[in-house]
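The structure appears right after this line, and notes come after that.
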Protein chains: 2
Amino acid sequence: MVTIKDISKECGVSPATVSKALNGYDEISPETVELVKRTASKLNYMPNAAARLLKTNRSHNIGVLFVDDTMSGLTHEFFSLILNSVKEEAEANGYDITFISNNIGRQKMSFLQHCKYRNCDGVVIASVDFQNPEVLELVRSDVPVVTIDYSFDNLSSIVSDNQEGSYRLASYLAEQGHRRIAFIHGERTLVTQKRIRGFNRAMQEYGIKTPPEYLVEARYHNADSVRKATAALLDLEEPPTAIMFPDDFSFIGGQTEILERGLSIPDDISVCGYDGINLSKILNPQLTTWYQNADKIGKESVRKLVEAIEGTSVAEQIMVSGEFLSGNSVRKWESK
Amino acid sequence: MVTIKDISKECGVSPATVSKALNGYDEISPETVELVKRTASKLNYMPNAAARLLKTNRSHNIGVLFVDDTMSGLTHEFFSLILNSVKEEAEANGYDITFISNNIGRQKMSFLQHCKYRNCDGVVIASVDFQNPEVLELVRSDVPVVTIDYSFDNLSSIVSDNQEGSYRLASYLAEQGHRRIAFIHGERTLVTQKRIRGFNRAMQEYGIKTPPEYLVEARYHNADSVRKATAALLDLEEPPTAIMFPDDFSFIGGQTEILERGLSIPDDISVCGYDGINLSKILNPQLTTWYQNADKIGKESVRKLVEAIEGTSVAEQIMVSGEFLSGNSVRKWESK
DNA sequence: TTAATTTACTAAAACGTTTTCGTCAATAGA
DNA sequence: TCTATTGACGAAAACGTTTTAGTAAATTAA
């Protein structure tokens, strides 16, 4: 391993000078800087992140806390997209990312402990149970934190405009003439509440009375659970003519149920999803859905986090807007 | 930050003793060990990974090198599954994972340099271009490496049984009476070659002559490209009665083409995928496919890597077997 | 000319561990 | 009883950086 000392010997200057030359201090003469940099690259020098961290207390590492137990974290396309975007933006800023978990080796440690252990400069939190005591401990600690789709006081957060999304989808269905619109929503998180609010607002604006049976809970990203919810809706005496699904992926569960009953989309029943992931575009029929800008969500959260780490950033709640994606899964409904 | 010194003061012993007590050296009396451990947890002590690394040269960090440019790395369900499994097995062994990239901050650095910078104890490589000079540099370096689905001499590798997979799928189609079987395969990587070999072997065993047009190249995980390949097959004078697709996800592209031509699966045409990801199970009709044990692939690669890091492991090529997943996408074909 | 400032550099401490080599007492062996 | 061994611990160096507080020479100011 080639160290600063090797360079200092090769150049005939002190290690301190090498360090300063490499880090752009202005008290080193241009010729020395030049010499040091050249020999550094000649020797293929790489600074040792650990040694640097030990002195500076900056690891250039940001922690990522995504889903704990539900397991669908890395395989959930929407979150994969966010993760990917977080990774890229972090790297662009000179940071690596570390997954924060709470069982490393045989030793149980809390999320916060894991962060301290790895000296994370900050953490991006998404898709976890925000009531979890360990998450709260982390949030309230001195580690800079940015949350996605959930907001704490005094902390920056990036939220997708969930209310707008479901509002627009529901409005669209109403505009197409549907009056019996059901909404299969996910578990009752904050995100879900926003979406329900958006749905309700649309219903109200179009003067549509929605029977309570039309609002049914299922599990995000879970085709089975959504299939059952769909079945329940289709079994109603007055089944809906349009269904809004919790997300694009789980919609496929509903689709299965619909097709197996000999119904067709969109002739017999109109549907829309949520997320606007790749999958939604290649399904047949192409799914009408709401695109969430995962890329922007990821980038913005890293941007805010780096601000929080490096400077004095003021806590801010950033709303990332989405986009209506029209497919072929909704048809005009003629009122009788 | 609470350090070993704090504990040593609290206990009235030297830092050396604390370190030894905490790390289970046998030269410390049981009472002292007990005392040290108790005060450590009382003070909520966490060792500083960087300081430890500096002395021991072990970061307890393993690098993960997945896809560079193609971008479909984290959003590719199959690789997500491997990544997830790698992460879990790593954590179970006391390691964190770090994504290896070659542009961190504004500074361009090679994969190897990134590994050195972060002091990765070892690296798992998958789904990259194994001819890439930077990848080769890493592979040939002194950093322990395990590769997935590609083998180098003197290095451990974990490979999925690709030949067997496509052999079994093709055989199944033949057994169902199909004689015009096409294979849309991915880019010509080693994996693809194995799959083609498996396919050919089955054709040979069943005495089926496959015209060259029946073997067509498309891009993995790319619905568009696969759709075009499908169109080409259906445009043939003698179109196939069964098509094997490169993977479950991209099959959807083919499905779109098939449905748009008014054909139905499996009545008019039989299909099968590859991977056996979640998606394949919820599609309608359920896809006949080959399940690759991503979980095992991930776990085994970490197991071998940890062996390579910690002890003297002998380089070994581990074959992970898959499983035939029968769906409803193939029908018996009556020969005329 | 002398004093003050600037320029370009260095010595050395520090970050939090681990580990080698002692040391000193207590115990065992002869 | 005297020596050899064992047990339990500590001092201090080391890992590779960064950074503070210098210092000596060169330059400028008075």
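Any value given below was found using the heavy atoms of this structure, including those in side chains, with hydrogens, waters and symmetry copies removed.
- Comment: A:Arg303 engages A:Glu307 in a salt bridge, judged by a side-chain N to carboxylate O separation of less than 4.0 angstrom.
- Here the side chains of B:Val302 and B:Tyr95 are not in contact, with every heavy-atom distance at 4.5 Å or above.
- Between B:Glu27 and B:Lys20, at least one side-chain N (NZ, or NE/NH1/NH2) sits under 4.0 Å from a carboxylate O, which counts as a salt bridge.
- B:Ser85 places no side-chain N or O within donor-acceptor distance of the main-chain N or O of B:Leu81, the cut-off being under 3.5 Å.
- Nucleotides of DNA chain D with any atom under 4.0 Å from a heavy atom of chain B span, from 5' to 3', D:dA8 to D:dG16.
- Residue pairs meeting the ring-ring contact (aromatic ring centres under 6.0 Å, His included) criterion with at least one member in residues 30-52 of chain A: none, sequence neighbours excluded.
- A donor-acceptor pair under 3.5 Å is absent between the side-chain atoms of B:Asp149 and the main chain of B:Val159, judged by distance alone.
- Residues from residues 50-63 of chain A that place a heavy atom under 4.0 Å from any atom of DNA chain C, listed by number: A:Leu54, A:Lys55.
- Between the side chain of A:Ser156 and the backbone N or O of A:Glu316 there is at least one donor-acceptor pair closer than 3.5 Å.
- When each of A:Ala16 and A:Met1 is assigned the nucleotide of DNA chain D with its nearest heavy atom, A:Met1 is the one assigned upstream, toward the 5' end.
- If you look at B:Phe99 and A:Phe99, their ring centroids are closer than 6.0 Å.
- Using bins of under 30°, 30° to 60° and over 60° for the plane-to-plane angle, the ring pair B:His76/B:Phe79 lands in the perpendicular bin.
- Residues A:Leu65 and A:Val124 form no side-chain contact, since every pair of their non-hydrogen atoms from C-beta on lies 4.5 Å or further apart.
- The side chain of A:Ser14 places no N or O atom within less than 4.0 Å of a non-bridging phosphate oxygen (OP1 or OP2) of C:dC9.
- Residue-level contact check: A:Thr3 touches the backbone only, with heavy atoms under 4.0 Å from sugar-phosphate atoms and none from bases.
- Remark: A:Ser19, A:Lys20, A:Asn23, A:Tyr25 in residues 19-31 of chain A come within less than 4.0 Å of DNA chain D through at least one heavy atom.
- Against DNA chain D, the stretch residues 32-39 of chain B makes heavy-atom approaches under 4.0 Å through B:Thr32.
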Under 3.5 Å, which donor-acceptor pairs link side chains of residues 138-145 of chain B to any protein atom two or more places apart or in another chain?
residue	atom	partner	partner atom	Å
B:Ser141	OG	B:Leu138	O	2.7
B:Ser141	OG	B:Val143	N	3.1
B:Asp142	OD1	B:Lys116	NZ	3.1

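- Using a 4.0 Å cut-off between a side-chain N of Lys or Arg and a carboxylate O of Asp or Glu, B:Glu310 and B:Arg58 qualify as a salt bridge.
- Listed for the A:Asn84 side chain is no donor-acceptor partner under 3.5 Å among the backbone atoms of A:Ser80.
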